[in-house]
Engineer: 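Please read through the structure below; I'll follow up with questions.
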Amino acid sequence: MNPTDMPIERHTIAVLVANEPGVLARVIGLFSGRGYNIESLTVSEVDEANARSRITVVTSGTPMVIEQIKAQLSRLVPVYDVHDLTLEGAHVSRELALVKIHNTGEDRIEALRIADTFRARAIDSTLQSFVFELTGDTGKINAFIDLMVALGDVEVSRTGVVAIARGTGLDMPLVRRNVTKRKRRQPVTGD
Amino acid sequence: MSGAAIILKALQDQGVEVVFGYPGGAVLPIYDELFKTNAVRHILVRHEQAAVHAAEGYARSTGKVGVVLVTSGPGATNAVTGLTDALMDSIPIVCLTGQVPTHLIGNDAFQEADTTGITRPCTKHNYLVKEPGQLARVMHEAFYVAAHGRPGPVVVDLPKDILFADCPYVEAGEVELKSYRPQVKGDTSAVERAVDLIAKAKRPIFYGGGGLINSGPKASKLFTEFVHKTGYPATLTLMGLGAIPASDRHFLGMLGMHGTYEANWAMHDCDVMVCVGARFDDRVTGRLSGFAPNAKKIHIDIDASSLNKNVAVDIPIIGDAATVLEQMLAVWAAKGCKPDEAARAKWWKQIDGWRSRKCLAYRPNDDVILPQHAIRRLFEKTRGMDCYITTEVGQHQMWAAQYFGFDEPNRWMTSGGLGTMGYGLPAAMGVQIAHPDALVVDIAGEASILMNIQELSTLRQYNLPVKAFIINNQWMGMVRQWQELIHGGRYSESYSAALPDFVKVAEAFGGVGLRATKPSELDDVIDEMIKIKQPVMVDVAVKQDENCFPMIPSGAAHHEMILGPEDQAERRTSEEGMVLV
C-alpha cells in the first residue's frame with residue numbers, strides 16, 4: 001500500500017522535556033515546520049527539582065507519520081523521553097474546562113440541572129451567569145459545551161488533554177528524593 | 001575569568017585551531033580576547049554566510065567541528081543560509097553569535113535579532129546564554145551536540161554583558177548531557193537478519209551516502225571491504241562520493257536524478273538494497289511508487305527519524321555507519337556467509353549490459369569546449385595529486401559529480417541538501433586553511449560564483465591558493481535546462497547578463513585570472529592554474545546550451561530515465577512531475 005493511502009490515526013503522545021526557555025517553541029516549531037497536526041497540546045512542569053516538564057500532545061496522521069513525529073521529537077536535544085500512549089496500551093486521558101454561561105429564567109435552571117448530571121461544579125455565580133468547572137475526556141466536555149450553547153451565551157476555556165498509562169507501570173517516573181533531607185517549613189507563629 | 005576569556009579557553013580545550021568570523025559591536029569582547037591571547041587563529045571573511053561555508057569546508061575535509069564567530073543582528077541573519085546548509089548536509093558547526101546585553105533583549109535594540117528564534121528550525125540545537133554560570137557548560141555542550149549522533153550546526157547566542165561578566169570555568173570532561181544520547185551500536189538481531197538477507201540476495205546493491213563520510217574514514221573502508229567481500233555492486237549518493245573509490249570496478253557511479261544509467265537501473269531491479277548512511281532523498285528515489293518495487297530494504301542510519309521517513313524499509317538499523325558495518329562484517333565472517341555466485345554472475349552480466357550504454361559518453365568537439373570535457377580534463381590532470389574539490393550548485397555541480405572520480409572520502413565538498421549557490425568558493429577557502437599544501441579547486445558556474453565572489457579578498461589576505469574553475473556557459477544552466485525541458489523553452493530570467501570579465505575580477509582582487517575559450521587551450525590553462533601558488537580564477541567558456549544527462553525527469557522513476565537529447569522528445573513530464581522541484 002502507498003504510505004500516503006494509509007488510514008489516519010489519532011495518537012496521544014507524552015514527552016518529557018527539560019524545563020528550559022524555548023523548549024515548547026522547539027516542539028511546536030517541529031510540528032508546524034514539518035506539517036504535522038496538533039489537536040491538543042498541554043505542558044507543565046512535573047519535576048521541579050530536576051527541571052522537567054511533561055508535554056501531552058494529541059496528534060493525527062498515518063502510522064508512518066506518527067512514527068516520524070516520535071522520532072523527530074526524540075532527537076530534539078532537550079527531550080528525555082517520548083511515549084506513545086495510544087500504542088503502548090490502555091491509558092486514561094482527561095481535560096478540564098471552565099464554561100461560563102450567561103442566561104436567565106428557565107434556561108438558567110436547565111443549565112444548572114445539566115451541570116449536575118455532568119458533575120460539573122459551579123465555581124462562580126452571578127444572577128445571570130455561572131462558571132462551571134468540568135473534567136472528563138474530550139467527548140464529555142464537547143457534549144457539555146454543546147448543551148450549554150443551546151441555553152445561552154457561552155465562553156469556554158479548556159486545558160487540552162493530559163494523559164497517563166493505566167496500571168502499575170511508570171513510563172517516566174520522577175526521580176526519587178530523600179524526603180527527610182528537605183527543609184522543614186518553619187511553623188507560623190504569628191506576630 | 002571574563003565570559004570572553006571563558007569562550008577562548010573552551011575553544012582551546014575543544015581543540016579548535018581556527019575560527020571563521022566577522023567582527024561587530026556585540027562580539028568585540030571576544031575579538032579583544034583573540035587579540036590578547038592569540039591562541040586561536042581567526043580568518044576574517046567578507047560576509048558571514050561565507051564564514052559558515054568556510055567552516056563547513058574545513059569540517060568536511062577534516063572531520064573536525066567547524067567554528068564560526070559573528071556579531072548580533074545582521075551578522076547572525078547572514079549566517080542563516082550557511083547554518084541551514086550545514087543542517088541539511090549534517091555538517092558539525094558551532095556558530096557563536098553576538099547578542100545585545102540581556103537587559104536589552106526584546107527591546108528592538110540596535111543590531112538586535114531574535115537569533116535563537118530565527119535559527120531554531122535551521123540548527124540542530126541552539127542556546128541563549130543568560131547566566132554567566134552556564135557559559136562554560138554550554139560551550140562544551142555545543143561541541144558535543146554538533147559532533148555526536150547525526151552531526152549538525154549549533155548556535156550559541158552570547159549577550160554582550162555575559163562576555164564581560166565574571167564566569168566560572170568547567171572542564172569539558174565535567175559536562176554531561178543527560179537527554180541527548182544517540183545510539184551508536186546497531187541492534188544485534190537486526191544486524192543478523194540483515195546479514196542473512198544480504199547473503200541470500202540474488203540481485204543485491206549497496207547504496208551509501210553522506211553518513212559514511214560523517215562517520216569517519218573507517219566507515220568508508222569497512223563499506224568498501226563489505227562490497228569486496230560480497231562482490232556486490234555499489235552506488236553512492238552525491239554526498240557519499242569517495243566512500244568507495246570511483247575507480248573500483250564494483251562502483252556503478254552516482255545514483256539519482258543525474259546518476260548513471262547502470263546505478264539507477266540496478267537500484268530499480270535489485271532484490272536486496274543495503275542503504276548505509278543515506279536518507280532516500282527525493283533526488284535519489286525519483287517517483288516513490290516506482291522506487292525499487294521488488295526490493296527488500298535494509299537501512300542503517302544514526303538518525304532514527306531518517307528511517308521509514310520517505311520509504312518504508314524491511315530492516316531498519318539505528319546506529320553509526322562504521323560500528324554497524326563492523327558488526328555486520330563480524331556476523332558475515334562468523335556465519336561463514338557466501339554469496340550465491342551463479343546469481344551474482346548473472347546480476348553482473350545484466351549490470352554490464354546497462355554499463356555498455358556508456359551513459360556518460362559525449363561526442364568530442366574541436367570548436368567549442370564541452371563542460372563535461374573540461375571537468376574530465378581537470379580530473380585527469382590532477383590525478384594523483386593531493387586534491388580537494390568543492391562546487392557551487394547547478395549543472396557544473398552534477399558534471400563534477402559525474403566526471404570527477406573520487407577515490408577517497410572527505411575530498412568532495414558540495415552543497416547537496418540545500419543546494420546553495422555561492423557555497424563553493426568559501427568552502428574551498430575553509431578546505432585550504434585545513435590543507436595549506438593541497439590543491440583545492442572550486443568547480444563553479446559563472447552565476448553561482450558571483451554569489452560569494454567577495455571572498456576573493458579573503459583568499460588574497462591569507463594567500464590561499466584556491467582555484468576557482470568556472471564552467472562559464474553564460475546561463476543559469478540548470479534553470480535553463482528545466483525551462484527547455486518542461487517550460488517550452490521560455491527562458492525567463494535565466495540568462496547571465498552583464499557578466500564581469502572574470503580575468504579582470506581576479507586581478508582586481510590581487511589574484512591571477514586565466515581564460516580558455518577553445519578546446520585547444522584547455523590543457524595549458526589547467527596546467528598553468530595548477531602551477532600558480534596563488535588564488536586563481538579560470539574562466540572556461542563552454543558550450544552554452546549543453547544539458548546535463550542522464551536525467552530522471554521529475555515525477556519519473558529510475559527505469560524511466562533519459563539518456564540524452566534523443567530521448568527527451570518522446571518523454572513529456574507528467575503533471576505530477578511538473579509541481580516537483
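Keep in mind that the numbers below use all heavy atoms, side chains included, and drop hydrogens, waters and symmetry copies. Every chain is numbered from 1 and lettered A, B, ... according to where its sequence line falls, protein lines coming before strand lines.
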Engineer: When you measure from the centre of the six-membered ring of F130(A), is the NZ or CZ of R108(A) closer than 6.0 Å and no more than 45° off the axis?
Structural biologist: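 Satisfied, under 6.0 Å and within 45°.
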
Engineer: For E67(A), which atoms come within 4.5 Å of any heavy atom of chain B: side chain, backbone, both, or neither?
Structural biologist: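 No part of E67(A) comes within 4.5 Å of chain B.
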
Engineer: Between T135(A), T159(A), T42(A), T138(A), which is the residue that forms a side-chain hydrogen bond (donor to acceptor under 3.5 Å, both in side chains) with E95(A)?
Structural biologist: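 Running side-chain hydrogen bond (donor to acceptor under 3.5 Å, both in side chains) over T135(A), T159(A), T42(A), T138(A) with E95(A) returns exactly one hit, T138(A).
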
Engineer: Pick one of side chain, backbone, both or neither for L177(B), based on which atoms fall under 4.5 Å of a heavy atom in chain A.
Structural biologist: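 Just the side chain, heavy atoms under 4.5 Å.
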
Engineer: Is it the backbone or the side chain of D303(B) that comes under 4.5 Å from a heavy atom of chain A, or both, or neither?
Structural biologist: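 Answer is side chain: those atoms of D303(B) sit under 4.5 Å from chain A.
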
Engineer: Sort V79(A) into side chain, backbone, both or neither according to what part of it lies under 4.5 angstrom from a heavy atom of chain B.
Structural biologist: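 Backbone only.
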
Engineer: Salt-bridge test for K70(A) and D84(A): reply yes if a basic N is under 4.0 Å from a carboxylate O, no otherwise.
Structural biologist: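 Counted as a salt bridge, because a side-chain N and a carboxylate O are separated by less than 4.0 Å.
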
Engineer: Check each atom of R181(B) against the heavy atoms of chain A and say whether the ones under 4.5 Å are side chain, backbone, both or neither.
Structural biologist: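 R181(B) has no heavy atom closer than 4.5 Å to chain A.
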
Engineer: Hey, does the Lys NZ or Arg CZ of R121(A) hover above the aromatic six-ring of F132(A), less than 6.0 Å from the centre and inside 45° of the axis?
Structural biologist: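 Judged by the rule, R121(A) and F132(A) form no cation-pi pair.
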
Engineer: Pick from S179(B), G117(B), G149(B): which one has the most heavy-atom pairs with chain A under 4.5 Å?
Structural biologist: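 With the most close heavy-atom pairs to chain A, the winner is S179(B).
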
Engineer: Just do the ring-ring contact (aromatic ring centres under 6.0 Å, His included) check on F280(B) and Y207(B) with the steps written out, would you?
Structural biologist: CA-CA 10 Å; F280(B) 295 94; Y207(B) 147 44; 5.4 Å; yes

Engineer: Considering only heavy atoms and a distance below 4.5 Å, find which of G33(A), G29(A), A25(A), A18(A) pairs most often with chain B.
Structural biologist: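 Most pairs with chain B among the choices: A25(A).
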
Engineer: For K130(B), is it the side chain, the backbone, both or neither that has a heavy atom under 4.5 Å from a heavy atom of chain A?
Structural biologist: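 Answer is neither: K130(B) stays 4.5 Å or more from chain A.
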
Engineer: Could you grab the distance from atom CE of M148(A) to atom CD of E110(A), nearest 0.5 Å is fine?
Structural biologist: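 Reported to 0.5 Å precision, the distance equals 8.0 Å.
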
